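Report on the following structure.
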Amino acid sequence: MAVMSLRRMAINQSGTIAAVKVGGELGRRIREMGLVPGTEITIKQRAPLNDPVALRVLGGTLTLRNNEADYIEVEVEE
């Protein structure tokens with residue numbers, strides 16, 4: 001399995017969150033949304049300029065800005 005930033009994932013690509021590499025208020029907010037290590041995610045859509053990104057997590061859809069997605073590392077199949 002390869003590890004990459006959530007920002008680099010392609011549409012319809014799935015993976016498992018490996019790490020959230022930010023602390024403080026932003027890290028807390030990301031974790032409160034359910035984006036914690038071990039969580040399965042799928043990239044569903046991107047805006048025309050690739051920001052924000054919509055992802056499927058825990059049965060719901062969530063959007064993140066690219067600067068937030070940069071802090072999330074995901075294990076994906078090669």
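Quick caveat: nothing in here was measured; it's all calculated off a predicted structure.
- With contacts defined as side-chain heavy-atom distances shorter than 4.5 Å, the pair D70/S5 qualifies.
- Here the side chain of Q13 pairs a donor or acceptor atom with the backbone of A10 at under 3.5 angstrom.
- Linking Ile, Leu, Val, Met, Phe, Trp and Tyr residues whenever their side-chain heavy atoms come within less than 4.5 Å places M33 and L26 in a single cluster.
- Between the side chains of T16 and E75, no donor-acceptor pair is found at a separation under 3.5 Å.
- Remark: side-chain polar atoms of R31 are paired, donor with acceptor, to backbone N or O of G27 under 3.5 angstrom.
- Hydrophobic cluster membership is shared by V20 and L58, with clusters built from Ile, Leu, Val, Met, Phe, Trp and Tyr side chains linked at under 4.5 angstrom.
- Ion pairing between a basic and an acidic side chain is recognised when a charged N comes within 4.0 Å of a carboxylate O; E32 and R28 show such pairing.
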field: Pair L64-L35, side-chain contact (heavy atoms from CB on, under 4.5 Å): steps then yes or no
entry: CA-CA 11 Å; L64 288 177; L35 300 174; 3.7 Å; yes
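- In this structure, the separation between CZ on R56 and OG on S14 is 11.5 Å, given to the nearest 0.5 Å.
- In terms of modelled atom types and a separation under 3.5 Å, the side chain of D51 and the main chain of N66 share a donor-acceptor contact.
- The shortest heavy-atom contact between M4 and V76 is CE-CG2, 3.9 Å.
- Of all heavy-atom pairs between V36 and I17, the closest is O-CB, 3.6 Å.
- In this structure, T39 OG1 and I72 CD1 are separated by 10.0 Å, a value rounded to the nearest 0.5 Å.
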